[in-house]
Structures are given as C-alpha cells and as structure tokens.
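Input: a single structure, listed below in structure tokens.
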Amino acid sequence: MRLGISTGGGDAPGLNAVIRSAVLSALSRNWEVLGIKRGFAGLMGDDDVVSLTRESVRGIAHLGGTILRTTNRGNPFAWPRPRGDGTYEEIDRSDELISNARQLGIDAIITIGGDGSLAIADKLAAKGMRMVGVPKTIDNDVACTVTTFGFDTAVSTALEAIDKLHTTAESHDRVIVIEVMGRHAGFIALHSGLAGTADVILIPEIPYEMSKVADKIRARDRAGRKFSIVVVAEGAKRKGGQESILGPSMPGQDRRVGGIAGRIAYDLQELTGKETRSLVLGHLQRGGQPTGYDRLLATRFGAAAVRAVEAGSWGHMVALQSPHIVTVPIKDVLKEVKRVELDHDVMKTARETGISFGD
Ligand code: F6P
C-alpha cells in the first residue's frame with residue numbers, strides 16, 4: 001500500500017499529531033507514505049509530494065500548524081486560473097489530480113480537512129479515488145462527529161483572552177466586546193463565553209437585537225456590576241441583518257466573515273453611554289500547541305484513518321461518537337449542517353446562569 005496524506009483548508013492545532021499518528025500506523029503495516037504538500041497542490045504540479053518517514057514525523061505531535069502546509073484556495077474541481085486580464089476563471093483539474101496520483105502509485109489518500117475538503121474528498125471518491133477523511137476545524141461545524149480536533153484548543157485560547165479581559169474591564173468599568181472565530185457556527189463563542197462567564201454571547205444561530213444587549217448591560221450596571229464582557233462570534237448577525245464581511249477574498253476562497261466586534265462596540269457605547277472597547281482575537285485561535293484533548297483526539301483519528309484504509313472504507317470519515325471512534329460515510333456528513341442546537345444543555349445552562357443572547 002502506498003498511502004498519500006494531505007491537509008486542506010484553514011489549519012487547526014492537532015494536524016501534525018494526526019499526520020504523525022497516521023504515518024507511524026501505516027509504517028507499522030509496512031506501507032509507504034507520501035505527503036502531498038499544500039492541500040492537493042502537490043498532486044497538480046504546483047507543489048511537492050514528499051516521502052514521510054519516522055524521521056519526518058519525529059517530535060511534531062505538540063506543534064501547531066502542519067508540516068505539509070495547507071491552503072483554502074485549492075479546490076481541484078474549481079481551481080482558480082488567471083485569464084490574463086486580472087480576472088480568474090475556475091477550472092476542473094480533478095482528472096489531472098487523479099492521473100498524477102496514479103502515476104505516483106498512490107493507492108489511497110487520507111485527507112484531513114473541514115467541510116470543504118470533505119466535499120472534495122467525496123467528489124474524488126465518486127471518480128474512483130480511494131479516499132478516507134479526518135474531520136478538522138477549530139469551528140466544530142462538521143456533522144456526525146461529537147467534535148473536531150482543533151476546537152478545544154481554540155476554545156482554550158479564547159477563554160484565556162476572556163479571563164484577561166475581565167480584569168481590565170472591571171478595573172475601568174468598561175464594556176469589552178471580543179470577537180472569536182467560527183464562521184457560520186457559534187460553538188467557539190458559546191463554549192468559551194460560558195466557560196469564561198461572559199455576560200452576553202452573540203452567535204449566528206440567534207440573530208440579536210442591539211437594544212436587548214444594551215438592556216443587559218444597563219441591568220448589570222444597576223446591580224452594581226459596572227463592567228461587562230460580550231463574546232461575539234464572527235458570523236453573528238442582527239435580527240433581519242447579514243453577516244459582516246471582512247473584505248474581498250482571494251480567487252478560489254470563501255467569503256471572509258468577521259469585523260463585527262467594532263460595530264457592536266460603537267453601537268453599545270452610543271446606547272449605554274458606557275466606555276466600550278473591542279478586539280478581534282483572530283488567527284491566534286488557530287495557532288499554538290494543541291491541548292491535551294486535541295492531541296489525543298488527533299492521534300486517535302490518525303490511527304483510525306489508517307484502520308479505515310485497511311478496511312477499505314472508501315468515501316468514509318473517521319468520527320468521534322463517544323466513547324468510540326467510528327467511520328461514517330462522507331455523504332452523510334455533508335447532508336447535515338452542524339450548528340449550535342438551541343435546546344442543547346450548554347445553551348440552557350448559559351441562559352439559566354444569566355447570559356444574554358441578545359434575543
Ligand atoms: O474555518 C476556520 C476559520 O478559522 C474560520 O473560523 C474563519 O472564518 C476562517 O477560517 C478564516 O480563514 P482565513 O485563514 O482565510 O482568514
């Protein structure tokens with residue numbers, strides 16, 4: 001067996017732990033492993049394909065990032081090609097990818113990615129490429145798995161920031177609005193906000209009203225709590241409003257959601273008369289060492305993906321369905337959109353402990 005491994009989409013802490021675990025598991029079966037660099041670019045002549053050995057994965061489990069590098073502009077079915085006049089067209093280069101993989105003698109590919117990479121894996125599998133997926137994203141928005149690796153680390157990073165903001169907000173009687181990532185899902189905001197005892201959490205799943213957020217801050221003021229912490233997911237929107245877009249995307253890239261914290265802070269200061277500050281936590285949430293939870297999950301996923309290859313579970317994704325790691329058809333994963341469930345106990349706990357969602 002000659003196995004290819006690729007990491008696609010935005011990076012997430014734990015990628016290297018998956019790679020290490022998959023490589024060691026494959027080598028222990030006397031398989032060969034090739035690392036496809038920068039998403040699938042390595043298979044399209046735009047980057048390299050390298051041999052992965054014990055030596056290549058030594059001492060990497062605790063490191064953020066990915067030794068294979070990654071891109072969120074590398075869909076082989078919609079590859080951006082410059083037209084020469086400054087504009088781009090999207091072309092399908094999937095046949096080229098498959099033919100190059102065959103020429104290299106690659107029998108199967110483990111692709112580590114989020115919903116975008118899994119959709120690509122599903123389409124490649126439909127064309128006969130033997131694919132196994134590993135769910136990765138800090139956003140936790142992949143269905144059929146309790147969680148993705150990277151999420152726990154992102155929540156811990158956000159939590160540390162919220163803890164620090166509490167002390168300065170309290171010292172100055174200020175409102176501080178912190179924007180966290182998550183794209184169209186509110187998991188990072190909800191989990192870090194609840195664990196960090198935020199006063200308001202705004203998530204894409206619950207469109208908010210600014211007047212309700214201001215009411216909560218005024219009520220705290222009247223109760224002698226002169227500061228407030230608002231955690232806002234980058235994809236949150238007002239009732240009847242749209243997601244905030246950061247700016248133009250590069251060719252082949254999704255819309256870039258975010259930039260809402262500054263606007264909320266501006267409006268809150270106007271409405272409450274309280275000094276308000278904001279910050280965007282941004283890519284700090286994607287970097288650094290994976291937590292113990294993420295490192296363990298990533299290591300389990302890597303080995304499970306190799307077992308899935310051995311079992312011939314093509315077109316499947318490894319998933320955590322506690323307490324076990326299972327495999328699920330990628331098609332089933334793509335059918336569902338995973339978002340915060342409004343009747344989940346985490347939501348109930350947040351409401352019962354006095355957190356406002358601005359609704
Ligand atoms: O999907 C992971 C994620 O970090 C999102 O939370 C965020 O919206 C996006 O990627 C940012 O992407 P980029 O790295 O292109 O700025």
Side-chain angles (χ1 to χ4, degrees), residues 6-16 18 38-39 41 64-66 68-75 78 80 88 111-121 133-143 145 147-159 161-162 178-193 201-205 231-237 242-263 279-291 294 297-298 317 333-334 337-340:
S6 125
T7 54
D11 67 342
L15 279 167
N16 282 325
V18 180
R38 207 154 47 85
T66 158
L68 294 177
R69 307 178 61 229
T70 189
T71 175
N72 55 16
R73 294 187 272 142
N75 183 347
Y88 283 79
T111 175
I112 313 167
D115 48 3
S117 307
L118 290 166
I120 294 168
V134 176
K136 161 245 61 170
T137 167
I138 65 163
D139 305 335
N140 193 33
D141 59 352
V142 176
T145 182
T147 190
T148 49
F149 72 85
F151 173 62
D152 187 64
T153 309
V155 169
S156 300
T157 301
L159 187 55
I162 294 167
I178 171 173
E179 177 177 315
V180 297
M181 281 185 166
R183 214 183 283 270
H184 314 299
F187 292 105
I188 299 178
L190 176 62
H191 286 227
S192 63
I201 300 175
L202 304 176
I203 56 176
E205 293 84 348
V231 178
V232 57
E234 60 183 5
K237 48 187 173 291
Q242 297 295 322
E243 280 175 346
S244 158
I245 299 299
L246 266 177
S249 305
M250 301 286 279
Q253 196 168 45
D254 273 355
R255 285 188 309 160
R256 296 179 57 218
V257 180
I260 194 169
R263 289 174 219 177
L279 83 155
V280 177
L281 199 53
H283 292 80
L284 276 178
Q285 294 157 96
R286 291 241 299 262
Q289 290 199 348
T291 57
D294 275 341
L297 182 62
M317 177 189 91
V333 177
L334 297 175
V337 178
K338 184 172 165 189
R339 296 288 181 263
V340 169

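The model shown is predicted, which means the values in this text are computed figures rather than measured ones. In this chain, numbering begins with 1 at the start of the sequence shown. One-based numbering, in listed order, for ligands and for the atoms of each.
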May I ask you to test the R183-D254 pair for a side-chain heavy-atom distance under 4.5 Å?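 Of all side-chain heavy-atom pairs linking D254 with R183, at least one is under 4.5 Å.
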
Evaluate the side-chain proximity of L118 to V142: yes if any heavy-atom separation is below 4.5 Å, no if none is.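 Yes, close enough: below the 4.5 Å cut-off.
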
Side-chain ([X]) to main-chain ([Y]) donor-acceptor, under 3.5 angstrom:
X	Y	value
T70	D11	no
N140	F187	no
E205	G186	yes

Tell me, which protein residue and heavy-atom name are nearest [atom], and how many Å apart are they?
atom	value
atom 9 (C) of ligand 1	R183 NH2, 3.6 Å
atom 4 (O) of ligand 1	R286 NH1, 2.8 Å
atom 15 (O) of ligand 1	N72 ND2, 2.9 Å

Does Q285 come within less than 4.0 Å of ligand 1, judged by its heavy atoms?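 For ligand 1, residue contact (heavy atoms, under 4.0 Å) with Q285 is absent.
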
Contact check, G114 vs ligand 1, heavy-atom distance below 4.0 Å: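 G114: no contact with ligand 1 (<4.0 Å).
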
Have a look at ligand 1 and work out which part of V257, if any, has a heavy atom under 4.0 Å from it: side chain, backbone, both or neither.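 Answer for V257: neither.
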
Examine the proximity of ligand 1 to I138 and report which part, side chain or backbone, both or neither, has a heavy atom under 4.0 Å away.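 Under 4.0 Å from ligand 1, I138 contributes side-chain atoms alone.
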
Nearest heavy atom to atom 8 (O) of ligand 1: which of M181, E234, R256 does it belong to?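 Among M181, E234, R256, the closest heavy atom to atom 8 (O) of ligand 1 comes from E234.
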
Taking only heavy atoms of H283, which atoms of ligand 1 are found under 4.0 Å from at least one of them?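 Counting atoms of ligand 1 from 1, those under 4.0 Å from H283 are 13 (P), 14 (O), 16 (O).
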
Please could you name the atoms of ligand 1 that Q253 approaches to less than 4.0 Å, counting only its heavy atoms?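 The atoms of ligand 1 under 4.0 Å from a heavy atom of Q253 are 15 (O).
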
Looking at every non-hydrogen atom in both residues, tell me the closest pair between G150 and I138 and how far apart they are.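 The pair with the smallest heavy-atom distance is O-CG2, 3.6 Å.
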
Nearest 0.5 Å please: distance from the CD1 atom of I260 over to the CD atom of E243.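 Rounded to the nearest 0.5 Å, the CD1-CD separation comes to 9.0 Å.
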
NE2-CG distance between H191 and L159, expressed to the nearest 0.5 angstrom: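 Spacing of NE2 (H191) from CG (L159) equals 12.0 Å.
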
Are any of the N or O atoms of D139 closer than 3.5 Å to those of ligand 1?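 Indeed, backbone or side chain, D139 has an N or O that close.
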
